[in-house]
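Notes for the one structure printed next.
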Amino acid sequence: VLSDIMMPRLDGIGLLSVLREDPETSTIPIILLSARAGEEARIEGLKHGADDYLTKPFSARELLARVGACLEISRLRNEAEAQLRLQENEREFRATFDLAAVGIAQVSLEGRLMRVNQKLCDIVGYSDEELTTKTFQDITHPEEIDTDLGYLQQMLAGEIKTYSREKRYLRKDGSLVW
C-alpha cells in the first residue's frame with residue numbers, strides 16, 4: 001500500500017492503524033508518502049507499523065527500490081512466520097503422538113513402521129528402534145493380517161482416510177496381547 005500521510009478524510013496514520021488492526025491486511029507492506037510532514041510524522045508512521053516512508057519528491061527508481069525492498073522483507077517475514085507455525089504444529093503433533101494413552105504408529109504404504117509411540121512399544125514389548133525395523137505384519141497376529149490389509153487397500157483406493165481398530169498383536173516374548 002502506498003499512502004500519503006496527509007489526506008482529506010483519513011490521514012495516513014489513521015489508515016495505517018485500520019490496516020494493521022485487520023488480520024487480513026495486517027501484514028501487507030505499507031509505505032507512507034509525504035511532501036510536507038516532517039521527521040516527527042515519519043517516526044509516528046514507523047511506530048504505527050509503516051514499513052517505509054518516502055519524502056516527496058522522489059524518483060521512480062527510488063520508489064521501485066523501496067517497494068521492492070518492502071516486498072522482499074514481507075516475503076521473508078511471511079516465510080519466517082510460516083516456519084514458526086510449522087515448528088509449533090510439529091511440537092503439538094509430537095506431544096499428542098508421544099503422550100497418547102493408546103498405541104500409535106505411522107505406517108508406510110508397504111507396512112513398515114516408520115514412527116511409533118512409547119505406548120505401542122509398551123504394548124508389544126519392543127523398543128522404538130526395534131519396531132521401526134519391522135512391518136505391522138511382523139507384529140500382527142496372523143488371523144488379523146487380512147483384515148488390516150483390507151483396510152490398507154481401502155485407504156489406497158481412497159475409500160477411507162484412516163482406520164482404528166482393536167486387534168491382537170504378537171509381543172516380542174511371543175505372547176499374545178489385544
Tightest non-hydrogen contact, residues Asp4 and Ser34, listed as OD1-CA, 4.1 Å
Short side-chain to backbone donor-acceptor contact, Asp148 and Ile145, under 3.5 Å
no
May I ask you to test the Ile5-Ile13 pair for a side-chain heavy-atom distance under 4.5 Å?
yes
What one should report as the nearest heavy-atom pair of Met114 and Ser108 is SD-CB, 3.6 Å
Quick check: are there more than 12 heavy atoms from other residues, nucleotides or ligands sitting under 6.0 Å from CD of Glu24?
no
Assess whether side chain to side chain contact (heavy atoms under 4.5 Å, CB included) is satisfied between Gln83 and Leu86, documenting all intermediate values.
CA-CA 5 Å; Gln83 185 64 32; Leu86 184 62; 4.3 Å; yes
Within a reach of under 6.0 Å around CD of Gln87, are more than 12 heavy atoms found that belong to other residues, nucleotides or ligands?
yes
Quick check against the 3.5 Å criterion: does Arg66 have a side-chain atom that pairs as donor or acceptor with the backbone of Arg61?
no
Would a single hydrophobic cluster contain both Leu54 and Ile30, if residues Ile, Leu, Val, Met, Phe, Trp and Tyr are joined by side-chain heavy-atom contacts under 4.5 Å?
no
Any donor-acceptor N/O pair, Asn117 side chain to Val102 backbone, under 3.5 Å:
yes
Taking the basic N atoms (NZ, or NE/NH1/NH2) and the acidic carboxylate oxygens, is any pair closer than 4.0 Å for Glu88 and Arg91?
yes
Report yes if the side chains of Leu19 and Ile28 come closer than 4.5 Å at any heavy-atom pair, otherwise no.
no
Evaluation steps, side chain to side chain contact (heavy atoms under 4.5 Å, CB included), between Leu16 and Ser3
CA-CA 9 Å; Leu16 184 58; Ser3 174; over 6 Å; no
Got a donor-acceptor contact below 3.5 angstrom from the Asp51 side chain to the Ile31 backbone?
no
Heavy-atom pair of closest approach, residues Leu32 and Gly45:
CD1-CA, 3.7 Å
With a cut-off of under 6.0 Å to the ring centre and 45° to the axis, is Arg165 in cation-pi contact with Tyr151?
no
For residues Arg115 and Glu90, report the shortest heavy-atom separation together with the two atoms involved.
NH1-OE2, 4.0 Å
Answer whether the closest heavy-atom distance between the side chains of Glu81 and Arg77 falls below 4.5 Å.
yes
For the pair Arg168 (side chain) and His141 (backbone), establish whether a donor and an acceptor sit closer than 3.5 Å, ignoring hydrogens and angles.
no
With the side chain counted from C-beta on, respond yes when Met7 and Arg9 share a heavy-atom pair under 4.5 Å apart, and no when they do not.
no
Go through Phe136 and Leu149 one step at a time and tell me if the side chain to side chain contact (heavy atoms under 4.5 Å, CB included) criterion holds.
CA-CA 10 Å; Phe136 78 83; Leu149 291 175; 3.9 Å; yes
So Leu33 and Lys56, do their side chains get closer than 4.5 Å, heavy atoms only?
yes
Taking the side chain as every heavy atom from C-beta outward, state whether Gln106 and Phe97 have any atom pair closer than 4.5 Å.
yes
Can you tell me if Ser175 uses its side chain to pair, donor with acceptor, with the backbone of Arg171 under 3.5 Å?
no
Check the pair Thr147, Lys167 against side chain to side chain contact (heavy atoms under 4.5 Å, CB included), reporting the backbone distance first and the verdict last.
CA-CA 10 Å; Thr147 303; Lys167 68 178 198 176; over 6 Å; no
With heavy-atom distances below 4.5 Å as the criterion, would you say the side chains of Leu170 and Pro142 are in contact?
yes
Validation row: Thr133, Glu129 side chains within 4.5 angstrom (heavy atoms)
no
Is there a path of hydrophobic side-chain contacts, each under 4.5 Å between heavy atoms of I, L, V, M, F, W or Y residues, that connects Leu113 with Leu156?
yes
Is a donor on one side and an acceptor on the other found under 3.5 Å between the side chain of Thr140 and the backbone of Glu144?
no
Co-membership, hydrophobic cluster, residues Phe58 and Leu2, 4.5 Å side-chain:
yes
Transitive ILVMFWY side-chain link Val67 to Leu15, under 4.5 Å:
no
Cluster overlap Met155 with Val107, hydrophobic side-chain contacts below 4.5 Å
no
Measure across Pro29 and Ser74 and return the closest heavy-atom pair with its distance rounded to 0.1 Å.
CG-CB, 3.5 Å
Is the number of heavy atoms from other residues, nucleotides or ligands within 6.0 Å of NZ (Lys161) greater than 12?
no
To the nearest 0.5 Å, what is the distance between CD on Gln153 and CD1 on Ile160?
10.5 Å
Taking all heavy atoms of Cys121 and all of Ser127, pick out the closest pair and write down the distance.
SG-C, 3.8 Å
